[in-house]
Amino acid sequence: MTKKTAIIASNGGLFEAYKVFNIATAAAATDHEVAIFFTFEGLNLIHKEANQQLPMPEGKEHFAEGFANANVPAIPELIEMAKELDVKFIGCQMTMDVMGLEKEAFVDGIEVGGAVTFLDFAQDADVTLTF
Amino acid sequence: MMNADKVLDAKGLACPMPIVKTRKEMKAMDSGQVLEILVTDKGAKADLTAWAKSGGHDLLDHQVDGDVLKFWIQKG
């Protein structure tokens, strides 16, 4: 039986992006079926332009050097990898409506849905995480 | 030294790349074949051990060679 990992991404900073996509790709690479529900600021992580320049938390900008030295992949690379591993991306319809954003503003291949779309996936998940 | 059917050089890569690349190589291999993995990510020891266990593969051996960690995993 395939294990399932369900993730809610509700924050839009660079640190959150790494938390979300590292866990998602690691889970998918361990043969979990993975879905991420992007809601509120979490939508930044899959927004085509915003995800190229996600902010560091205030006062933590000096970590930029650490990221470079540790040879950590860029967020768009991690997204490509997640897609290759069949991680499902669900954009929150309600937040998109509130922010006036269309599906085209986001990386290709996302599904748009509401809370129940995520809950349906998450109800029998083995791992459930919120970032 | 163990004989490997294939070698994956994942040196210099940070988490989760060594695992993602290991999975990709393993997918293309046959059951019973051995993949040798070279990494410098110090978290990989625990990660590859857990990854092999969860996927039903055998971590046959691991060695430290300076900054490089070497692993031999047999596909289950």
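Letters A, B, ... are given to chains in the order of the sequence lines, protein chains preceding strands, and every chain is numbered from 1. What you see is a predicted model, and the numbers here were worked out from it, not measured in a lab.
Neither the backbone nor the side chain of B:K21 comes within contact range of chain A; no heavy atoms are under 4.5 Å apart.
In this structure, A:E61 places its CD atom where more than 12 heavy-atom neighbours from other residues, nucleotides or ligands lie under 6.0 Å away. Heavy atoms of other residues, nucleotides or ligands lying less than 6.0 angstrom from CZ of A:F40 number 12 at most. At most 12 non-hydrogen atoms from other residues, nucleotides or ligands lie less than 6.0 angstrom from NZ of B:K42.
Cluster membership for B:M17 and B:I19, using ILVMFWY side-chain heavy atoms within less than 4.5 angstrom, is not shared. Placement of A:I90 and A:M96 in two distinct hydrophobic clusters is found when ILVMFWY residues are connected by side-chain heavy-atom separations under 4.5 Å, directly or transitively. Hydrophobic clustering (side-chain heavy atoms under 4.5 Å, transitive across Ile, Leu, Val, Met, Phe, Trp, Tyr) keeps B:L13 apart from B:L48. Residue B:L60 is not grouped with residue B:M29 when hydrophobic side chains (ILVMFWY) are merged at heavy-atom distances under 4.5 angstrom, including chains of intermediate members. A single hydrophobic cluster is not seen to contain both B:V20 and B:W51; linkage of ILVMFWY side chains at heavy-atom distances under 4.5 Å, directly or through other members, places them apart.
Listed in order of number, the residues of residues 99-123 of chain A that approach chain B to under 4.5 Å between heavy atoms amount to none. Residues of residues 68-83 of chain A that come within less than 4.5 angstrom of chain B, heavy atom to heavy atom, are A:A70, A:N71, A:V72, A:P73, A:L78, A:M81 in numerical order. Of all residues spanning residues 13-30 of chain A, those with a heavy atom less than 4.5 Å away from chain B's heavy atoms are A:N22, A:T25, A:A26, A:A28, A:A29, A:T30, arranged by number.
With sequence neighbours left out, A:V127 forms a side chain to side chain contact (heavy atoms under 4.5 Å, CB included) with A:T5, A:H32, A:L129.
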